[in-house]
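Whatever order the structure lists them in is the order used to number ligands and atoms, beginning at 1.
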Amino acid sequence: MLALTNWKLAISLCIIAAVYVRPGSCGAYTREIVNDKPPLQERPAWLKTCKRSNPNEDKCFRQLFEGCFPALAAGIPEIGVKSFEPLNIDQVSVSKGSGNLVLSGGFQNLVIRGPSNATVRRASLDLERRLLSFELVLPRLRIRAKYNLKGNILLLPLIGNGDVAMALKNVHTTVYTRISLRNETRTGDEIIHIDEMKVSFEVGAMRIHLKNLFNGNDILAASINTFLNQNGNEVIAELRPDLELGLADIFHGLWNNVFSKMPTKLWLV
Ligand SMILES: *[C@@H]1O[C@H](CO)[C@@H](O)[C@H](O)[C@H]1NC(C)=O
Ligand SMILES: *[C@@H]1O[C@H](CO)[C@@H](O)[C@H](O)[C@H]1NC(C)=O
């Protein structure tokens with residue numbers, strides 16, 4: 001245990017997180033979501049309008065963006081946008097590691113509760129420079145999933161599969177995107193398309209509990225769980241670059257699916 005808690009930043013690892021989303025729930029987030037529903041043709045009550053000449057005036061775009069959240073959380077079946085409360089993610093794969101941490105396997109059937117409580121700290125749309133960015137604060141995310149992991153932490157083997165519960169507090173996400181204006185294929189309506197996305201995040205605190213490690217050997221399981229909880233921020237820091245890529249994959253597809261169904265004629269006036 002002493003060695004474990006001293007381990008801290010002595011991790012050197014390379015984790016590749018690949019994220020796939022259950023096709024039935026939200027489509028393949030890694031690429032474009034296939035959604036053949038027609039775009040909105042009338043402006044729903046929850047969709048505010050902003051000036052095309054300056055969408056950010058008086059924080060208009062921020063309010064517009066935040067105003068969409070309750071509808072997105074509930075889902076908008078008529079345009080093929082699934083509920084994101086809870087957010088279902090099919091799989092997060094973890095493969096490869098080196099040094100003191102070696103892990104392979106991943107998490108399946110993730111159910112993430114709390115995204116609908118996001119507050120939009122900042123959001124801006126720059127049509128001239130083709131940039132759209134936003135910052136979200138998620139006070140609390142509760143994640144339930146199945147896990148299947150095999151590897152080593154220091155000299156301890158880590159092996160198991162079963163249920164995992166995770167809680168993340170004060171998740172602060174910043175998303176920068178490069179956009180283009182496109183014509184929706186069927187209606188010809190102008191829509192925003194996200195071409196590139198970069199996500200970064202900070203986590204205030206993490207709790208994690210992996211059940212059924214080592215086929216139920218409680219003593220070994222307790223030391224791994226204790227270690228992961230005591231070193232949560234360091235573990236996240238090591239995984240951050242790859243998790244950020246994984247999240248960008250998810251959000252890229254998710255937001256394109258939304259924007260492609262919201263012609264700019266409805267909200268940029
Ligand atoms: C949203 O926040 C409220 C107040 O903190 C909380 O009661 C509720 O459970 C949260 N919703 C979700 C889905 O986490
Ligand atoms: C979209 O359609 C308009 C005319 O309806 C056309 O002028 C414009 O070039 C098209 N834009 C793209 C990106 O194809």
K.L.:
Do Gln41 and Asp189 have side-chain N/O donor and acceptor atoms under 3.5 Å apart?
P.N.:
yes
K.L.:
Kindly compute the distance separating CG (Leu158) from CZ (Phe214), expressed to the nearest 0.5 Å.
P.N.:
5.0 Å
K.L.:
With no hydrogens and no angle check, just 3.5 Å: does a side-chain donor-acceptor pair link Gln91 and Lys146?
P.N.:
no
K.L.:
Using a distance-only test with no angle check, is there a side-chain donor-acceptor pair under 3.5 angstrom linking Glu244 and Ser200?
P.N.:
no
K.L.:
With no hydrogens and no angle check, do the side chains of Asp195 and Ser180 hold a donor and an acceptor under 3.5 Å apart?
P.N.:
yes
K.L.:
Evaluate the criterion salt bridge (Lys or Arg N to Asp or Glu O under 4.0 Å) for residue pair Arg62 and Glu135; output intermediate values, then yes/no.
P.N.:
CA-CA 10 Å; Arg62 191 193 77 79; Glu135 270 180 62; over 6 Å; no
K.L.:
What part of Arg140, side chain from CB on, backbone N/CA/C/O, both or neither, has a heavy atom under 4.0 Å from ligand 1?
P.N.:
neither
K.L.:
Can you list every protein residue that has a heavy atom under 4.0 Å from any atom of ligand 2, sorted by chain and residue number?
P.N.:
Leu181, Asn183
K.L.:
Using a 4.0 Å cutoff against the non-hydrogen atoms of Glu85, which atoms of ligand 1 qualify?
P.N.:
13 (C)
K.L.:
Do other residues, nucleotides or ligands put more than 12 heavy atoms under 6.0 Å from the CZ atom of Arg186?
P.N.:
yes
